[in-house]
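All figures in this text were calculated on a predicted structure; none of them were measured in a lab.
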Amino acid sequence: MKYDSNGALLETEIPGLPVHHGKVRDIYDLGDSLLFVATDRISAFDCVMPNGIPDKGRVLTSMSLFWFDYISWAPNHLLCADVSDFPQILKPYEKDLAGRSMIVRKAKTIPLECIVRGYLAGSGWKEYQKSGSVGGYKLRSGYRQAEKLDKALFTPSTKAEEGHDENVTFEEAQKIVGEEKAQNLADFSLRIYKDATKHAEKCGIILADTKFEFGEIDGEIILIDEVLTPDSSRFWPKDEYVVGSNPPSLDKQFVRDYLESLDWDKTPPAPALPDDVVFKTRDKYLSALKAISGRSLD
């Protein structure tokens with residue numbers, strides 16, 4: 001196991017198991033299932049930073065487990081998240097895996113990032129300023145930054161193993177996965193977003209936008225990877241939200257904003273994050289977990 005100087009888990013190593021290292025997750029093949037390990041790596045602009053955010057992987061896992069349970073009507077890939085029930089081969093690594101890992105069903109990944117936008121922020125706001133549209137949808141004039149959209153939009157992107165994901169229109173998504181499947185993904189994503197926004201608002205949080213990933217098992221579409229975490233979503237505290245500005249957020253937008261202030265062209269190698277950014281980001285992730293799920297890390 002590889003940790004950085006702040007105690008962030010950067011990489012796992014379990015000898016004897018095939019592994020794929022993603023941007024954030026280390027995925028081990030257990031034969032009839034997969035072990036998902038959420039490390040403390042953090043990526044921005046599709047680049048992985050050289051240092052991590054302590055406890056970030058535990059926050060992502062805890063929040064995903066909360067949401068999998070909350071939106072239990074949506075089939076997902078989760079099998080087990082209790083390390084005491086993990087296979088024998090994983091026993092020597094229980095301490096490192098605890099709280100940041102889960103065993104999941106194998107699914108065929110659908111090659112789309114399923115993004116839902118309820119507010120005009122980030123790249124959507126930039127696109128609207130240039131063209132008056134977002135993700136191929138022509139919007140009315142007069143929107144301000146961070147304003148709530150008249151209706152939530154499904155704005156997918158490609159899912160790139162390396163390099164940058166690319167935004168695509170719904171029509172282009174239909175060509176990638178087929179018309180019926182694209183429509184099912186859109187309906188699925190929008191329904192989850194609607195349910196999640198209702199809960200978040202009760203917790204004093206605005207869920208501005210989020211990203212889902214889906215897979216298929218025997219033709220059934222299921223929710224995979226993480227769901228509604230500070231890595232995949234934009235969370236705004238309601239009491240600090242002001243239309244016409246970039247609201248403070250409890251997610252990795254803080255890291256993106258820091259990186260935007262640098263003279264960096266958003267290509268590897270990424271710059272190391274200073275300690276103040278690291279620990280402020282950690283605080284934001286912990287605050288999001290507490291506000292939305294009521295949970296704290298042990």
Side-chain angles (χ1 to χ4, degrees), residues 1-43 48-70 76-107 213 223-232 250-252 255 272-298:
M1 305 292 173
K2 179 182 177 182
Y3 290 84
D4 68 15
S5 60
N6 287 322
L9 177 62
L10 297 183
E11 189 173 320
T12 62
E13 183 180 355
I14 302 177
L17 291 178
V19 61
H20 168 73
H21 297 288
K23 291 172 184 172
V24 173
R25 280 163 188 76
D26 292 346
I27 303 172
Y28 291 88
D29 193 331
L30 300 177
D32 58 355
S33 60
L34 299 173
L35 172 68
F36 268 42
V37 185
T39 72
D40 296 327
R41 297 192 294 267
I42 188 166
S43 69
V48 178
M49 304 297 111
N51 53 336
I53 309 297
D55 294 318
K56 173 176 170 286
R58 298 173 67 206
V59 170
L60 300 187
T61 301
S62 185
M63 285 195 74
S64 292
L65 293 174
F66 168 81
W67 286 114
F68 281 144
D69 181 63
Y70 185 83
N76 63 68
H77 66 168
L78 177 65
L79 290 173
C80 175
D82 186 343
V83 293
S84 64
D85 293 329
F86 282 8
Q88 189 64 36
I89 193 173
L90 302 178
K91 293 298 181 183
Y93 311 101
E94 279 190 3
K95 183 178 179 181
D96 295 295
L97 297 178
R100 63 168 72 249
S101 58
M102 50 189 174
I103 293 177
V104 302
R105 295 189 288 167
K106 285 185 172 180
E213 295 189 32
L223 196 56
I224 64 171
D225 200 61
E226 65 179 25
V227 57
L228 295 158
T229 73
D231 262 18
S232 63
L250 301 178
D251 51 63
K252 71 175 178 181
V255 172
L273 301 175
D275 282 355
D276 65 321
V277 173
V278 166
F279 288 103
K280 285 180 182 177
T281 303
R282 179 180 183 273
D283 288 345
K284 287 177 178 291
Y285 275 57
L286 290 171
S287 295
L289 174 65
K290 182 66 174 178
I292 290 172
S293 71
R295 301 174 180 178
S296 300
L297 297 183
D298 295 333

Are the side chains of D231 and Y285 in contact, using a 4.5 Å heavy-atom criterion? yes
Determine yes or no for a side-chain-to-main-chain donor-acceptor pair under 3.5 angstrom, with T61 supplying the side chain and R58 the backbone. no
Could you state the interatomic distance from OG1 (T39) to CG (D96), rounded to the nearest 0.5 Å? 12.0 Å
Does K106 have more than 12 heavy atoms from other residues, nucleotides or ligands lying within 6.0 Å of its NZ? yes
Give a yes or no on whether the backbone of V48 and the side-chain of K23 come within a donor-acceptor separation of less than 3.5 Å. no
Output for pair (F279 CZ, L273 CG), nearest 0.5 Å, gives 11.5 Å
Please give me the minimum heavy-atom distance between S84 and K91, naming the atom from each residue. O-NZ, 2.9 Å
Which side-chain N or O atoms in residues 6-19 pair as donor and acceptor under 3.5 Å with protein atoms at least two apart or in another chain?
from: N6; atom 1: ND2; to: D275; atom 2: OD1; distance (Å): 3.1
from: T12; atom 1: OG1; to: D26; atom 2: OD2; distance (Å): 2.7
from: T12; atom 1: OG1; to: Y28; atom 2: OH; distance (Å): 2.7

Output yes when a side-chain donor or acceptor of R41 lies under 3.5 Å from a complementary backbone atom of G22, and no otherwise. yes
Measuring only between side-chain heavy atoms, which start at C-beta, is T229 closer than 4.5 Å to V59? no
S232 versus D251: any side-chain heavy-atom pair under 4.5 Å? no
Compare all side-chain heavy atoms of V24 with those of K56 and state whether any distance is below 4.5 angstrom. yes
Test your reading of the model: is there a side-chain donor-acceptor pair from K290 to the backbone of L297, 3.5 Å cut-off? no
R100 side chain to V37 backbone, donor-acceptor under 3.5 Å: no
Looking at every heavy atom in both W67 and V227, which two are closest together, and how far apart are they? CD1-O, 3.5 Å
